[in-house]
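In listed order, ligands and their atoms are each counted from 1. Since this is a predicted model, take the numbers as computed values, not measurements.
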Amino acid sequence: MSLQLQQITVLGATGSIGVSTLDVVARHPDRYKVFALTADRRWQLLATQCLQHQPRYAVLNDAKAAANLTAELQRQGCETEVLQGASALEAVAAHEQVDTVMAAIVGGAGLLPTLAAVNAGKKVLLANKEALVMAGGLFTQAVQKSGAVLLPIDSEHNAIFQCLPNHRSDYLARGLMSSGVRKILLTASGGPFRNTPSCDLAKVTPEQACAHPNWSMGQKISVDSATMMNKGLELIEACWLFNARPHQIQVVIHPQSVIHSMVEYIDGSVLAQLGNPDMRTPIAHALAWPERMESGVASLDIIATARLDFSEPDLLRFPCLRLAQNAADVSGTTPALLNAANEVAVAAFLSRQIRFDQIAQLNEEVLSRLVAVEPTSLEEVQSADTEARAMASQLINSW
Ligand code: NDP
């Protein structure tokens, strides 16, 4: 079968998802050509990636890093053009020659470039869950308006997408029940502190929090997994992606991370998607969708897996999950406020300014002090984000 070469922009190319994406793309030179690669400031890794993939553009957020990359690529005789700044990120996401955009910038910084890709009607592979958490309503309206194809990269959402009926437009228009879906079972490994007594959580270090038992990921999502905020953000993400109500999503602890999520139908059938915990599977699935292609992921050894355990999450030990569940219920700008407070809290924990257990405390405190609204514009979302970041920083300084 002859395939048309797809031009791809990878936003967040130097991160964990970006590196896995380039690994998959490099296995299929007959299908994909890298158009642009972007990062915040890690220009050395971006230089290596440019030399391997020869993109037309490389974008760095940081001006000094961009100057260093320009000099290095000139020295190496690489023709990639280096751009810099937020508007350049949006430009390479929306460029007319681009077919597919991997949205893998971490945090709220990914919102505008991801939306630029959506508004330009691209095939958007969404890893940057924070974009949907912050601005789910406006984001999904933009998808409908532009005709962009939005495919989930989070392993759980990719699993749910695979287990839901093929006729996506039905459940997106009329809700999950109309497609015979009773509920979604969103699995969670429980992170590195699944069995740690609450009283010991105050003492955990950034290194311990980032040492996830099953997945190798960036620092922010690793800490979010340890607090279970990641599962809360995923719950909000799933509501927007699948037109689900929060009560239709049950979070289930599954420490082996072999089942990536499940969908239960009204006839009692439960469909699950299984695989090794390797992000190249959902990346390859979304890249090739609706076809399938090799990802480089080893075959699942189901005999060696032997057992699959399930339990309920402990909301007392993981208050961030409770906060996110409540935010999903009330919606409006509450998820944006929570997301922003959490980004500040995680950064402060990673720089040892606050303790691990203070991440949830800070999030709760910020939510209790700020008033959420029903956003009708992106500016309102951004203003909620700014307000929550300022409040979180102020609280940290006063502690
Ligand atoms: P990483 O921290 O590993 O990488 C983040 C990427 O974003 C890097 O390329 C980084 O550049 C870039 N970046 C950071 N800040 C900015 C900014 N202000 N402007 C432009 N670029 C920026 O993150 P992950 O790959 O782990 O996660 C990326 C997203 O995917 C997150 O939203 C996460 O929740 C989601 N996700 C990740 C999974 C995983 O397995 N890692 C699984 C499922 C979802 P630089 O290298 O220069 O800092």
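- Using a 4.5 Å heavy-atom cutoff, the side chains of Ile253 and Arg194 are in contact.
- The N/O atoms of Ser16, backbone and side chain alike, include one that comes under 3.5 Å of an N/O atom in ligand 1.
- When all heavy atoms are compared, the tightest approach of Val92 to Thr38 is CG2-CG2, 3.9 Å.
- Under a 4.0 Å N-O distance rule, the pair Arg168/Asp170 does not qualify as a salt bridge.
- Side chain to side chain, Ser189 and His212 meet the donor-acceptor criterion of an N or O pair below 3.5 Å.
- Other residues, nucleotides and ligands contribute only 12 or fewer heavy atoms inside 6.0 Å of the CD atom of Glu294.
- The proximity of Ile221 to ligand 1, defined as any non-hydrogen pair under 4.0 Å, is limited to the side chain.
- Neither the backbone nor the side chain of Lys220 has a heavy atom within less than 4.0 Å of ligand 1.
- The option with the heavy atom closest to atom 39 (C) of ligand 1, from among Leu11, Val10, Ile17, is Ile17.
- Ranking protein heavy atoms by distance to atom 48 (O) of ligand 1, first place goes to Asp40 CB, 3.7 Å.
- The number of heavy-atom neighbours closer than 6.0 Å to CD of Glu79, taken from other residues, nucleotides and ligands shown, is 12 or below.
- Using a 4.0 Å cut-off between heavy atoms, Ala127 contacts ligand 1 through both its backbone and its side chain.
- Those atoms of ligand 1 with a heavy atom of Met279 less than 4.0 angstrom away are 40 (O), 42 (C), 43 (C).
- Of the polar atoms of Gly218, at least one N or O is found under 3.5 Å from an N or O of ligand 1, judged by distance alone.
- Contact annotation for Asn128 and ligand 1: heavy atoms of both the backbone and the side chain come within less than 4.0 Å of the ligand.
- Looking at atom 34 (O) of ligand 1, its nearest protein heavy atom turns out to be Lys129 CE, 3.1 Å.
- When only interatomic distances are considered, the shortest N/O to N/O separation between Arg42 and ligand 1 falls below 3.5 Å.
- Remark: ligand 1 and Glu130 share an N or O pair separated by less than 3.5 Å (distance only, no angle test).
- Not a single heavy atom of Gly18 sits closer than 4.0 Å to an atom of ligand 1.
- Counting heavy atoms of neighbouring residues, nucleotides and ligands inside a 6.0 Å radius, atom CD of Glu374 exceeds 12 of them.
- What sits closest to atom 43 (C) of ligand 1 on the protein, heavy atoms only, is Asp154 OD1, 3.0 Å.
- Of all protein heavy atoms, the one closest to atom 9 (O) of ligand 1 is Thr14 OG1, 2.7 Å.
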